[in-house]
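Comments concern the structure below.
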Amino acid sequence: MNLVESLRIALRALGANKVRSALTMLGVIIGVAAVILLVAIGTGVQDEITGSIEGLGSNLVFVFAGNFEEGGGGGPGGGGLSTRQFSVDDADLLQRRLGPEHIVVPVVQGPVTLRVGNRTLRSVTAAANENAGEVFSAEYLGGRGYRRSEVAAAARVVAIGATVRDRLFPNQDPVGQTISINGQRFTVIGHVAAQGGSLTGDQDNQVYMPVTVAQRLLGTTDIGLIAIKASSADEVDAVQRQVRQLLRPRFGEEFSVFTQEQTLGIFQQILGTLTFMLAGIAGISLLVGGIGIMNIMLVSVSERTREIGIRKAVGARTYDIMSQFVIEAVLLSVLGGMVGIALGSAGAAVLQQWVPTQVTLWAVMLAFGFSAAVGIFFGVYPAYKASRLDPIEALRYE
Amino acid sequence: MTAPAHEDLSAGRVVLETLGVTKCYHLGEVEVHALRGVDLSIRDGEMLAIMGPSGSGKSTLMHIVGLLDRPSTGTVMVEGEEVSDMAANELAAVRNRRIGFVFQSFNLLARTSALANVELPLVYAGISGAERSRRARAALERVGLGDRLGHLPNQLSGGQQQRVAIARALVTEPSIVLADEPTGNLDSVSGVEVMTILQELNAHGITVVLVTHDDTVSRHATRAVHIRDGRIVRDEPVRDRIMAADRRAAVVAAAQGEDAAE
Ligand SMILES: Nc1ncnc2c1ncn2[C@@H]1O[C@H](COP(=O)(O)OP(=O)(O)OP(=O)(O)O)[C@@H](O)[C@H]1O
Ligand SMILES: [Mg+2]
């Protein structure tokens, strides 16, 4: 008996019990759809974060206070209160010693409240020196970034992100306008193109000001991060090594230097693990669907004992009966898998409005392969039982 | 295949043979001896009736002869080859090629058309496509059901269902057809029709084994074997054999008479 014949028999058997077949498939459908959807979300988030880190610029090296390397601090913030923070002087030192071909930028971040007229907005400030625009490749839609003199004078000037512009200055040119930040009056000197990305907080809901003003505004002399743009990709490793040497006398091991690539790698590793965990959780529901298939196949075998007897009486071999039932189970799971893939992809497309999703080929193949495997695995035992029935006992079965 | 003209039927080639076959069922503590040593030779071209009261072991014997079941002790030979050496799949292949079954309870696949039911043995013989449906069609025409190809079993009368079963038994052109009480569930007219077909098959050279407890049915055969308590007690040729085709008119008239009397 060939495969086409087995397929036809299996299809007829499934068609004879449409509701039951559909309900059995539902288990697989939900499982596969869950795998597709969760992996799509995981991948989408991963892609977006990768994109936003890459979008920061190129050839960057980040220096943080606290030892996050070699398991020293146990994750960001692990350095705790005892960790000494950087100051602007440290950034200046690095700039002097690395030379002018590399650009060093001290970065201060903090929450701020913006107000224009009666409109207020909770936002974040990212403050640096006059080189920030170059290091982070900011694209100005209007106006300009702050200058060296404004950093030196701690001038109250600010460039704003796209979200801030849209909320506080709808339908008007913000350049030259006045904005109140934490109660202080600032002049808007420029606005930046939207960068997209919503996961690490809205990157467009930010205001950019000289680091000197930000320290006063936030009441701190600390620098959270020093960013360095190496002159070329080849120089990145050398810069990283030099920074380590320069900071070790002052900070011991209580600082971390990551290249942009390493930062990306860390994020990708974390998110990759997360995606795998999500897929695993969804896989469990696929397993439950498989047990549903086994259950129904066992019921089906005992219901059709007489049919099996008849088939054997007219010459069906063990293999014929076995393949008939295995194919039936595989058909249930594979059809369920295909519907699940369709549903999962559609769901991912709908979710796209709120979360970045990305349906990847490997997730589809994985879900499909897994559902087929589930069908084979859970179909074999019932099929084996059916194939081993004694023809006479099967024919006598009431 | 055909026996030399000067030999009578009893001298035909032995196609199936049992030697000291016993069958014992164990039901808990109790042992049921369904067969207690049966020696039986079935010869090519004969129509053999296996007679006996209920529970005497007729069906058990037929299942063993038809390779659906294995004996507890003793041997079964098909065309001189011993069956006990064969694996389940080989037995299935022999059943498929050489043996056709007709059961008392029809045993058709439910929700499956007459045509598909008849095609079933051909499916397992590896015959597909047009050839398969052509042969199934021809078999159904042979039993007078050429106009019922697409009917499901539950859309057919008992007699028609049994004829579908006969078509299924003969579609692979087996050398032997085994029928267990083929008329047991049928009215007198349908019964005569089924017997007519079986006699026709036999006239075309197919060996027919007929299990029955009905004396009239057994007299359609050429030889009758009587069993009782799992043993053969009598084995004799049938004298004044009944030809079903000749009885048909009388049976139909009688059935109409009964209808009129009601
Ligand atoms: N599977 C079984 N388990 C136990 N005993 C069985 C089984 N099959 C048959 N028997 C017993 O074997 C004996 C012979 O049964 P069998 O079916 O061969 O009788 P039979 O001659 O065909 O009777 P009938 O004319 O009623 O069909 C009976 O006593 C029956 O109870
Ligand atoms: Mg019986």
Side-chain angles (χ1 to χ4, degrees), chain A residues 1-22 296 299-328 331 383-398, chain B residues 23 25 34 59-60 62-64 66-71 86-113 116-129 132 136 152-153 165 167-172 174 178 180:
Chain A
M1 192 173 58
N2 59 27
L3 195 67
V4 179
E5 211 59 60
S6 309
L7 264 177
R8 195 176 303 167
I9 293 172
L11 274 176
R12 194 182 301 152
L14 295 181
N17 263 311
K18 288 193 190 62
V19 175
R20 191 160 89 183
S21 304
I296 283 302
V299 170
S300 171
V301 167
S302 68
E303 268 183 2
R304 283 150 67 192
T305 302
R306 236 185 136 80
E307 174 193 325
I308 295 163
I310 293 170
R311 289 181 183 278
K312 288 201 151 187
V314 303
R317 286 153 300 175
T318 318
Y319 155 84
D320 295 320
I321 302 294
M322 179 100 184
S323 66
Q324 176 187 335
F325 281 93
V326 169
I327 285 178
E328 212 174 300
L331 216 57
Y384 176 78
K385 257 186 89 172
S387 74
R388 296 311 296 258
L389 283 175
D390 181 70
I392 279 301
E393 274 167 30
L395 279 173
R396 276 227 189 81
Y397 188 83
E398 297 297 324
Chain B
K23 183 73 182 181
Y25 294 103
S59 297
T60 307
M62 195 200 89
H63 294 149
I64 288 174
L67 314 186
L68 275 174
D69 209 354
R70 292 182 192 264
M86 296 188 188
N89 282 344
E90 287 178 77
L91 294 181
V94 174
R95 284 199 299 270
N96 184 256
R97 283 199 312 273
R98 303 234 183 104
I99 304 173
F101 290 98
V102 178
F103 299 95
Q104 180 174 359
S105 50
F106 317 141
N107 275 336
L108 298 176
L109 290 187
R111 293 184 296 250
T112 307
S113 71
N117 262 291
V118 176
E119 282 183 356
L120 199 60
L122 298 178
V123 168
Y124 295 115
I127 297 163
S128 54
R132 185 166 82 206
L152 303 180
R168 183 180 65 191
L170 59 86
V171 75
T172 52
L178 304 179
D180 191 354

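Note on naming: letters A, B, ... go to the chains in the order of the sequence lines (proteins, then strands), and numbering restarts at 1 for each one.
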>> Please classify the contact between A:Arg304 and chain B as side chain, backbone, both or neither, with a heavy-atom cut-off of under 4.5 Å.
In response: neither
>> If the threshold is 4.0 Å, N to carboxylate O, is there a salt bridge linking A:Asp320 and A:Arg311?
In response: no
>> Checking A:Glu303 now: which residues fulfil salt bridge (charged side-chain N to carboxylate O under 4.0 Å, His left out) with it, not counting sequence neighbours?
In response: A:Arg20
> Got a sec, which residues hit ring-ring contact (aromatic ring centres under 6.0 Å, His included) with A:Phe325, two or more places apart in sequence or on another chain?
Replying inline: none
> Quick one: what part of B:Ile127 sits under 4.5 Å from any heavy atom of chain A, side chain, backbone, both or neither?
Replying inline: neither
>> I need the contact set between residues 388-396 of chain A and chain B: heavy-atom distance under 4.5 Å, sorted by residue number.
In response: A:Pro391, A:Ile392, A:Leu395, A:Arg396
>> Among residues at least two apart in sequence or on other chains, which ones pass salt bridge (charged side-chain N to carboxylate O under 4.0 Å, His left out) with B:Arg98?
In response: none
> Is the backbone of B:Arg168 close enough, under 3.5 Å, to the side chain of B:Asn117 for a donor and an acceptor to pair up by distance?
Replying inline: no
> Between B:Asn89 and A:Thr318, is there a donor-acceptor pair closer than 3.5 Å when you use the side chain of the first and the backbone of the second?
Replying inline: yes
> Which region of B:Thr172, side chain (C-beta onward) or backbone (N, CA, C, O), has a non-hydrogen atom less than 4.5 Å from a non-hydrogen atom of chain A, or is it both or neither?
Replying inline: neither
> Is it the side chain or the backbone of B:Arg132 that comes within 4.5 Å of chain A heavy atoms, both, or neither?
Replying inline: side chain
>> Ignoring hydrogens and geometry beyond distance, is a side-chain donor-acceptor pair present between A:Glu307 and A:Gln324 at under 3.5 Å?
In response: yes
> Taking atom CG of B:Leu68 and atom CD1 of B:Ile99, what is their separation to the nearest 0.5 Å?
Replying inline: 8.0 Å
